[in-house]
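To keep things clear, I will list the structure first and then write my remarks on it.
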Amino acid sequence: MSFHSDSEVLLTPAEVASLFRVDPKTVTRWAKAGKLSSIRTLGGHRRYKESEVRALLGAASEAAEVEAAANAAAHDPERPGSRH
């Protein structure tokens with residue numbers, strides 16, 4: 001990890017990819033699509049603010065939990081109105 005002048009921790013694409021369990025190229029696509037902002041190093045490499053990555057990771061985790069709960073409720077044979 002490297003540091004930016006205002007002491008914000010910056011992550012490499014590989015570090016971000018590891019947190020989300022995706023390929024580093026996916027992280028680059030997210031940046032190009034505007035889903036995640038990036039900072040360019042003098043060498044042209046992308047770096048991502050850890051605080052922004054953690055916030056996005058938290059939002060993704062919450063969405064996954066909600067979806068899992070909805071799927072579990074939809075397939076619960078004890079619940080009225082379930083699909084089974």
Distance from L57 atom CG to R21 atom CZ, nearest 0.5 Å?
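Here the interatomic distance stands at 9.5 Å.
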Nearest 0.5 angstrom please: L10 CG to H45 NE2, how far?
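If we round to the nearest 0.5 Å, L10:CG and H45:NE2 are 14.0 Å apart.
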In a table with atom names and distances, give each donor-acceptor pair under 3.5 Å that connects a side chain of residues 31-38 to protein atoms at least two apart or in another chain.
residue: S37; atom: OG; partner: E52; partner atom: OE1; Å: 2.4
residue: S37; atom: OG; partner: E52; partner atom: OE2; Å: 3.3
residue: S38; atom: OG; partner: R46; partner atom: NH1; Å: 3.0

R29 and T26: side-chain donor and acceptor closer than 3.5 Å?
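Their side chains do contain a donor-acceptor pair, which is all the 3.5 Å distance test asks for.
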For a quick test of reading the model, state the closest non-hydrogen atom pair linking V27 to P13 and the distance between them.
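Looking at all heavy atoms of both residues, the shortest contact is CG2-O, 4.0 Å.
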Trace of the side chain to side chain contact (heavy atoms under 4.5 Å, CB included) decision for R54 with L19
CA-CA 9 Å; R54 296 279 180 196; L19 290 170; 3.7 Å; yes
Matching residue for R47 among L11, T12, V16, V9 - test: side-chain contact (heavy atoms from CB on, under 4.5 Å):
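Going through L11, T12, V16, V9 one by one, the side-chain contact (heavy atoms from CB on, under 4.5 Å) with R47 is satisfied by T12 alone.
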